[in-house]
Student: 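Below you'll find the structure I mean.
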2 protein chains.
Amino acid sequence: MGSLDRSLIAGLSVFESLSAADLDRIVGQARSLRIPRDQPVFEQEQEAHSFFLLLDGHVRVVKSTPDGHEVTVRYISPGELMGIAHALGRTTYPANAIAAVDCVALAWPSQLWPTFAAEFPSFGANTYKAVGSRLQDAHSRVIEMSTEQVDQRVAHALLKLVKQTGKRTEEGILIDFPISRQDIAEMTGTTLHTVSRLLSAWEGEGLVRSGRQKVTVVEPHRLLLIAEGRVEKG
Amino acid sequence: MGSLDRSLIAGLSVFESLSAADLDRIVGQARSLRIPRDQPVFEQEQEAHSFFLLLDGHVRVVKSTPDGHEVTVRYISPGELMGIAHALGRTTYPANAIAAVDCVALAWPSQLWPTFAAEFPSFGANTYKAVGSRLQDAHSRVIEMSTEQVDQRVAHALLKLVKQTGKRTEEGILIDFPISRQDIAEMTGTTLHTVSRLLSAWEGEGLVRSGRQKVTVVEPHRLLLIAEGRVEKG
DNA sequence: CGTGCATTTGAGCTCGCTCAACCTCCGTGG
DNA sequence: CCACGGAGGTTGAGCGAGCTCAAATGCACG
């Protein structure tokens, strides 16, 4: 109980320019959760009882279709809100959220959401801005799916992950959580087989290095050329 | 000038539960526009000087890619806001908006947007709800593109248009504005050739009737079976 | 050291795209 | 009134990106 501290959320853009007292009030109403790897934070169609702020780890947001397909909508990074169904005018969660690694998050009861938005304008403004930028992401995604080849989409997805969670290593930039060929396939609307073939080919050309649930981008620039379709396939 | 009247916007969900005085104030700051068929309401990358409320007609929202592809994002119906770049945290329009037929719209300077949102809570709430539902639409679109065959996507697109703008006729339900094979292709990420073949086949089976820039859905129920992939192709 | 998941790789096929030609409708101007 | 031009639509032939099906290999953890 006493372990929650305003320092957890100070400096996050969602809560920027709030006083220490406000931060205390906000944190005071949160409960903290540890979510072990591969466990759900919340599930599609569930009553949206809480909204969350990811403090540490990475969460994969996945939509399941009635016929058993899974489509990965996005990955959540530390500092981002998730499960804000109420900001979308929903009462149930629109997707499954699965911890990609062991995670730490804060949770607030959903009914606090309107209060926070009203009392802390920067909170409301920030979350709406987040919704707006997710809308734009989704539109880019539609455009990619409509106009690009599979290799371009996979290249784009890797670059996006690298930008979001990349960690500099001696080999190149590592995507900083376990990610399988299947996961990449679900982000790009293809099959794990095709992803595997592409990564093998790119590994052969020295663009990436990859292993079991691990991808390192060695030459982001050349990968970008592929993403933009400015290179013929060998 | 004196021709603008609160009755234009009374009863629209965006302005619901506002007093006559508030409506007058809102309308008083608007200018009205007629947009002839095939003319732009606003254009991608342009400075977002205004936001709009469509009063009559239909507007096609299209994103152009650097390499010359066009992807139709959505169709706007009367009563909907458009060009609300500021609600997405942008200063430029994210897409082109083209009048599908002769249109009538109201326009307000973008800088009024924050004022409206603050002073008329239902206005702010409604537009954010609209953004939320567009986000969900965009996600459905991504999922369709990832998991469905072309015939399913085209069937879904027709059903969506029929639901949004369908007009009962003796032959079936008519999509109430001129729409070409090319337009449908841009909504579904395929080519006009494939759309043409599908419509021809469906016409042969009595599912639809179509002509130059005109589509009538005769049997929505059977089209839904195709959309949901519960039927084999003949 | 075995069991299961992740990955790789091959072979073959098919959906939907490309390329190409032609048709049809409608508006316009002579 | 009719010829013509152009945009929208149709249809065929062929091809190829990427999927499906199938089998084998490798890695990690108990």
Side-chain angles (χ1 to χ4, degrees), chain A residues 36-38 60 67-71 98 100-101 144-155 157-158 175 177-205 208-216 226 229 231-234, chain B residues 37-38 60 67-71 98 100 144-155 157-158 175 177-205 208-216 226 229 231-234:
Chain A
R37 178 171 171 192
D38 292 331
R60 182 163 36 104
D67 56 312
H69 280 102
E70 311 246 290
V71 177
I98 310 284
V101 294
E144 284 181 21
M145 297 291 307
S146 300
T147 63
E148 297 181 354
Q149 313 269 78
V150 167
D151 59 342
Q152 294 178 265
R153 303 203 303 267
V154 171
L158 292 182
I175 293 172
F177 52 80
I179 186 165
S180 68
R181 309 294 183 262
Q182 177 68 36
D183 293 332
I184 296 172
E186 288 176 5
M187 299 179 70
T188 52
T190 179
T191 62
L192 75 158
H193 307 279
T194 297
V195 173
S196 177
R197 280 183 242 270
L198 283 170
L199 289 183
S200 296
W202 291 342
E203 184 133 18
E205 295 173 35
V208 304
R209 309 231 65 212
S210 73
R212 191 190 180 80
Q213 306 205 97
K214 180 165 103 48
V215 179
T216 302
I226 293 177
V231 84
E232 300 313 309
K233 270 158 288 182
Chain B
R37 179 168 172 194
D38 293 330
R60 185 162 34 104
D67 56 311
H69 282 102
E70 310 247 290
V71 178
I98 310 284
E144 285 181 20
M145 297 291 306
S146 300
T147 64
E148 297 182 353
Q149 313 268 80
V150 168
D151 58 343
Q152 295 177 265
R153 303 204 304 268
V154 172
L158 292 182
I175 293 171
F177 52 81
I179 185 165
S180 69
R181 310 293 184 262
Q182 177 68 35
D183 293 333
I184 297 173
E186 287 176 6
M187 300 179 68
T188 52
T190 180
T191 61
L192 74 156
H193 309 277
T194 297
V195 173
S196 177
R197 281 183 242 271
L198 283 171
L199 289 183
S200 296
W202 291 342
E203 183 135 16
E205 295 173 34
V208 303
R209 311 230 66 211
S210 73
R212 192 187 179 81
Q213 305 205 99
K214 178 165 103 48
V215 178
T216 302
I226 292 176
V231 84
E232 300 314 310
K233 270 157 289 184

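Every value quoted in this text rests on a predicted model; they were computed, and no experiment measured them. Chain naming here is simple, since letters A, B, ... match the order of the sequence lines and numbering starts at 1 in each.
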Student: Assign each of A:Arg212 and A:Glu148 to its nearest nucleotide of DNA chain D by heavy atoms, then name whichever residue's nucleotide is nearer the 5' end.
Tutor: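 Closest to the 5' end, via its nearest nucleotide, is A:Glu148.
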
Student: Closest approach to the side chain of A:Thr191, judged atom by atom: which nucleotide of D:dG8, C:dC17, D:dC19 is it?
Tutor: D:dC19

Student: State whether A:Ser200 places a side-chain N or O below 4.0 Å from either non-bridging phosphate oxygen (OP1 or OP2) of C:dT7.
Tutor: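 Checking A:Ser200 against C:dT7: no side-chain N or O falls below 4.0 Å of OP1 or OP2.
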
Student: Within a strict 4.5 Å, meaning less than it, do heavy atoms of the B:Ile184 and B:Val215 side chains meet?
Tutor: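 Counting from C-beta outward, B:Ile184 and B:Val215 do come under 4.5 Å.
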
Student: Just verifying a value: how many Å separate A:Gln149 CD and A:Glu144 CD, rounded to the nearest 0.5 Å?
Tutor: 13.0 Å

Student: Please work out if B:Arg181 contacts a base, only the sugar-phosphate, or nothing of the nucleic acid, heavy-atom cut-off 4.0 Å.
Tutor: sugar-phosphate

Student: Rounded to the nearest 0.5 Å, how far does CD of B:Glu203 lie from OG1 of B:Thr216?
Tutor: 9.0 Å

Student: B:Asp151 CG to C:dT14 P: how many Å, rounded?
Tutor: 16 Å

Student: From the list D:dC19, C:dT8, C:dG16, which nucleotide is the closest neighbour of the side chain of A:Arg197?
Tutor: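 Of the options given, the side chain of A:Arg197 lies nearest D:dC19.
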
Student: CD1 of B:Ile184 versus P of D:dT10: gap in Å, rounded?
Tutor: 10 Å

Student: To the nearest angstrom, how far is B:Arg37 atom CZ from C:dC26 atom C1'?
Tutor: 12 Å

Student: Would the distance check show the side chain of B:Ser196 and the main-chain N or O of B:Leu192 forming a donor-acceptor pair, the cut-off being under 3.5 Å?
Tutor: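 No: the side chain of B:Ser196 does not pair with the backbone of B:Leu192.
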
Student: Counting any heavy atom closer than 4.0 Å, what does B:Ser196 reach on the DNA or RNA strands: base, sugar-phosphate only, or nothing?
Tutor: base

Student: Please state how far atom NZ in A:Lys214 lies from atom C1' in D:dC27, giving the value in whole angstrom units.
Tutor: 13 Å

Student: In whole angstrom, what separates B:Gln149's CD from C:dT14's C1'?
Tutor: 10 Å

Student: Starting at atom CG of A:Asp38, determine the distance to atom C1' of C:dA6, rounded to an integer number of angstrom.
Tutor: 13 Å

Student: Atom CG of A:Leu192 and atom P of D:dT25: how far apart are they, to the nearest Å?
Tutor: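 Nearest whole value for this atom pair: 18 Å.
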
Student: Where the side chain of B:Ser180 is defined as all heavy atoms beyond and including C-beta, which of D:dT20, C:dT7, D:dG8 is the nearest nucleotide?
Tutor: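 The answer is D:dG8.
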
Student: Within the 4.5 Å heavy-atom criterion, are B:Ile226 and B:Val154 side-chain neighbours or not?
Tutor: no

Student: How close or far is atom P of D:dA13 from atom NE2 of B:His193, stated in whole angstroms?
Tutor: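 Computing the B:His193:NE2 to D:dA13:P distance gives 16 Å.
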
Student: Can you identify which nucleotide, out of D:dA13, C:dG4, D:dC19, has its nearest atom closest to the A:Thr190 side chain?
Tutor: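 So the nucleotide nearest the side chain must be D:dC19.
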
Student: Under 4.0 Å: is that the gap between some side-chain N or O of B:Thr194 and OP1 or OP2 of C:dG16?
Tutor: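 No.
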
